Amino acid sequence: MAFSEGNLADHLGGLGYSEEQIELMDVATSFCRDKSPIDKVRKLINDEHGYDPGVWQEIVDLGWLGIAVPEAHGGVGLSMAEVAPIAEQMGRRLLATPFATCTIAAQALLAAGDEAQCAEWLPRIVAGEVATLALTEPHGDWNLGHVEASAKAQGEGYVLSGTKQFVVYAQHAALVIASVTVDGALRLALIERSAIPDGALRREIIIDETKRSYELTLDGITIPASALLDAGRSGSALGQIELANALLQAAEMCGGTQSAIDYTIEYLKTRKQFGKLIGEYQALKHPITNAYVAYEKARSHMLSAAHNFGQQGVGEIAVRMAKASADKAYSFAADRAVQFHGGFGFTHDCDAGLYRRSAIWHASQYGDAAWHRSKLADLLF
Amino acid sequence: MSSRPTPAELAEYEAQADAWFRENTPKDPGFMLPLTFMEVSTDQQFEFLCAWQRKVYEAGYLGASWPSEYGGGGLHPDFQRIATKLMKKYDGPIMLNAIGIGWAGPLILDIGSEEEKQKYIKGMLNAEDIWCQGFSEPENGSDLGNAQLKAVRDGEEYVLNGSKIWTSLGDRAKYMILLARTSNEGPNKYAGLSFFLAPMDAPGVETRRIKKLTGEYGFVQCFFTDARIPAECLMGNEGDGWKIAMKTLEYERGAKVNLAGGYFLKELDAMGVVELARESQRGGKPLLDDPVMKDRMVDFMMDIQALNLNNQRRRMGPLVQDRPMGLALMNKLARTEMIRELTEFSLSFQGTRGGYYVDDPCAVDNGYWHRSYLNSFSATIGGGTSEIQRNIVAEHVLGLPKGR
Ligand SMILES: Cc1cc2nc3c(=O)[nH]c(=O)nc-3n(C[C@H](O)[C@H](O)[C@H](O)COP(=O)(O)OP(=O)(O)OC[C@H]3O[C@@H](n4cnc5c(N)ncnc54)[C@H](O)[C@@H]3O)c2cc1C
Ligand SMILES: Cc1cc2nc3c(=O)[nH]c(=O)nc-3n(C[C@H](O)[C@H](O)[C@H](O)COP(=O)(O)OP(=O)(O)OC[C@H]3O[C@@H](n4cnc5c(N)ncnc54)[C@H](O)[C@@H]3O)c2cc1C
């Protein structure tokens, strides 16, 4: 990418939006606010399932699982750009569901699935059956190409081995899409829930208590040959999965950042010490303003990433900038949210902790700010 | 203002303007030109920039969308936007009379009397009448509302006593937008302030140049000793001063768009920083092979791009629903602080050569980066400091309480 002349926006893509995007943004704003008040979020933390099946059904009925799925497969035929504002509002209200992982799983099928695989699974995902991804491993490497799990030919099918971690909502998934190697080459494999023995899933204890995640032991699981996705496209599909994930995470993180800031501002406007509202102290007022400035920058990047998603070259840069700046903004805002609540900030009852934990979770999955900046360094210079 | 032009009209205008700027944009004059209107040091620079502004105006590419009855071109704003874009494209020098056409002009067109419009607008466009701004005082800078320069009515005149400071172009200006105190009564300090369009050649006005951090000149201290100005210099009524000053600051801080056209500051060449880094060496290798430098550079690219995107998003209603004024009010803070940090970073590329300064034959880019860094403080201090900008965003966008 040449930067020798012209202005950056010409090289890095600008902003725009579709009418559908704005309509979805408006609907999602009130839906998520109404369906996910904070006391409900806290109630679900202690619920094994982790999300409200009734709300999930409403999300399905709204057609949101099919937004970026072609009409031929039962979807709406829009794009990831229209999914992002929904993820943003979900992040804002800490509304945890398998929405993001189902959306990405559908994208994985579109990227590397054949006609039969798409025809079987996409309509089911659109109809609310949960599909999820099993991509990361105990080595903890963010490089999705670093895969040690494998599939070996055995009879008509393949037998799997290895361990996958952070398989979100696996317990309730009908489909798990796992990355494995076949004869040393990267491959995506479809695993039906019925093929997974009960003992193969372990619920993980994760930093973000609003979400549900599982470790999956693949050893001994067998799949038919028809469950492997296209050999030629599996590798590039992983790249697309990473970017789609980063986009939806950036959106969720922007929403979370907004809430962390709003929540703290409320406190600064009501709590008094030394006879003054603590919001009068610039030691608090200026950092929260800096957090707000960082939030608006991150949101601009996120909206640009949504707008440019899938564009050759520009798309990847925009997405990585979005995730990197969202991580920076969310981490800072949530960190200060804890601090500015004083002793209360240190308690489990203070919502600041929910945002702080959520930010750590997002940083840990699919790359933090430094990881995406290092990728950007290679793309830009 | 005229009706919306057709694409064909705009294209024709653009072709003409493009040819004009290609033809007429001056080449390197052989001496250093100011990066902003605030650092006009020498007569040579001043005359060069006056001549350029006049030429652009006479060709119809400045004030193109201001009303024709006062000297403007009477065209739709889209025409002026095209002209300004082309001025940028050919990297033309800055418009010198920023305080005139950028702040005083829009103000006068907005709330001025018919006489004021007739008297002032044309002269500020053709650079015959340079304007300056007399807001800050030695004892009252950020606390502008506490301004103390006294204006006392005496028949058909006001008598001024006191001092203004950091007055950019104060030694070149014919007029000053002046915030002065006409009364100490009233419910608060703001109530006694009044706003004047004051002639700088009035008896009793003196200026003294102040040398700046960069070594250049550009601003002055003004002394008013029983200076007498005609009573009609008062804008609006006595006591309107604060309201009018705040309106002026909206133009100054870029929260409102400048329709006169042109630009008053050279934009920092962000790509130039990348080029500089590419050309620089460290440990026998290109600087950008150093992962730490590379990472910081990525961070800056993200920041520059974020501000570009913010500027686009500001105008997209559906994308700024929650805090519609947020992006506009944080713009000055975010932009000026980023430029300060980026230019500071650019000094670290230069190794030992970072020790040179402007005009040394060995200075990298003739000291452009050093001068840009030192000058970057003009924007983080002038026009309301970054700390004051944070207060503004905190109070007006986030709704936090004012400090007491
Ligand atoms: C783990 C833990 C153990 C503790 N153990 C004890 C204990 O054993 N006994 C005990 O008595 N207390 C204990 N405390 C309480 C602790 O001392 C208080 O939490 C602390 O003094 C802050 O008071 P606060 O919580 O009321 O916050 P606040 O005073 O309400 O502060 C809220 C925010 O405003 C800021 N702020 C307040 N005033 C100003 C100001 N003037 N200028 C700038 N910023 C300001 C604070 O820095 C903070 O960020 C403990 C706290 C913790 C976290
Ligand atoms: C290059 C340049 C050109 C200028 N041109 C003009 C001009 O043409 N006309 C004109 O009228 N003025 C001009 N100014 C003056 C400028 O507006 C003032 O310098 C500025 O408003 C700050 O005032 P001060 O210098 O008195 O600093 P002070 O107000 O004394 O500030 C000193 C420090 O205290 C901080 N501070 C002050 N109050 C607060 C607060 N409430 N909260 C937190 N921090 C605070 C400031 O941020 C600053 O860091 C110019 C300044 C510069 C640098």
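Proteins come first, then strands; the chains are lettered A, B, ... in the order of their sequence lines, and each starts at number 1. Please read these numbers as outputs of a predicted model, since none were measured by experiment.
- When heavy atoms are compared at a cutoff of 4.5 Å, A:Lys328 approaches chain B solely by way of its side chain, counted from C-beta outward.
- Looking at B:Glu337, there are no atoms closer than 4.5 Å to chain A (heavy atoms on both sides), in backbone or side chain.
- In summary, the aromatic rings of A:His341 and A:Tyr263 are positioned with their centroids under 6.0 Å apart.
- Residues A:Glu82 and A:Ser18 bring a donor and an acceptor atom of their side chains to less than 3.5 Å of each other.
- Listed by chain and number, the residues in a salt bridge (charged side-chain N to carboxylate O under 4.0 Å, His left out) with A:Asp368 amount to none (sequence neighbours excluded).
- Only the side chain of A:Ile22 comes within less than 4.5 Å of a heavy atom of chain B; its backbone N, CA, C and O stay farther away.
- Using modelled atom types, one finds a donor on one side chain and an acceptor on the other under 3.5 Å when comparing A:His362 with A:Glu252.
- By number of non-hydrogen pairs under 4.5 angstrom with chain A, the leading residue of B:Val393, B:Asn391, B:Leu333 is B:Asn391.
- The candidate from A:Arg373, A:Met25, A:Lys269 with the greatest count of non-hydrogen atom pairs under 4.5 Å with chain B is A:Arg373.
- Note: B:Tyr61 and B:Phe79 fail the aromatic proximity criterion, with ring centroids not under 6.0 Å apart.
- B:Leu319 touches chain A through backbone and side chain together, each having a heavy atom under 4.5 Å away.
- Contacts of A:Leu284 with chain B are absent, with no heavy-atom separation under 4.5 Å from either backbone or side chain.
- Among the candidates B:Lys89, B:Arg313, B:Lys294, the residue making the largest number of heavy-atom pairs closer than 4.5 Å to chain A is B:Arg313.
- By number of non-hydrogen pairs under 4.5 angstrom with chain B, the leading residue of A:His286, A:Arg320, A:Arg299, A:Gln21 is A:His286.
- With sequence neighbours excluded, no residue forms a side chain to side chain contact (heavy atoms under 4.5 Å, CB included) with A:Ser374.
- One side chain, A:Asp327 or A:Ser331, offers a donor N or O that lies under 3.5 Å from an acceptor on the other.
- By number of non-hydrogen pairs under 4.5 angstrom with chain A, the leading residue of B:Asp299, B:Val397, B:Leu327 is B:Asp299.
- When only modelled atom types and interatomic distance are considered, B:Asp322 and A:Gln258 share a side-chain donor-acceptor pair under 3.5 Å.
- Of the two parts of B:Leu288, only the side chain, counted from C-beta on, holds a non-hydrogen atom closer than 4.5 Å to a non-hydrogen atom of chain A.
- Looking at A:Ala318, there are no atoms closer than 4.5 Å to chain B (heavy atoms on both sides), in backbone or side chain.
- With a 4.5 Å cut-off on non-hydrogen atoms, A:Leu376 touches chain B through its backbone and its side chain both.
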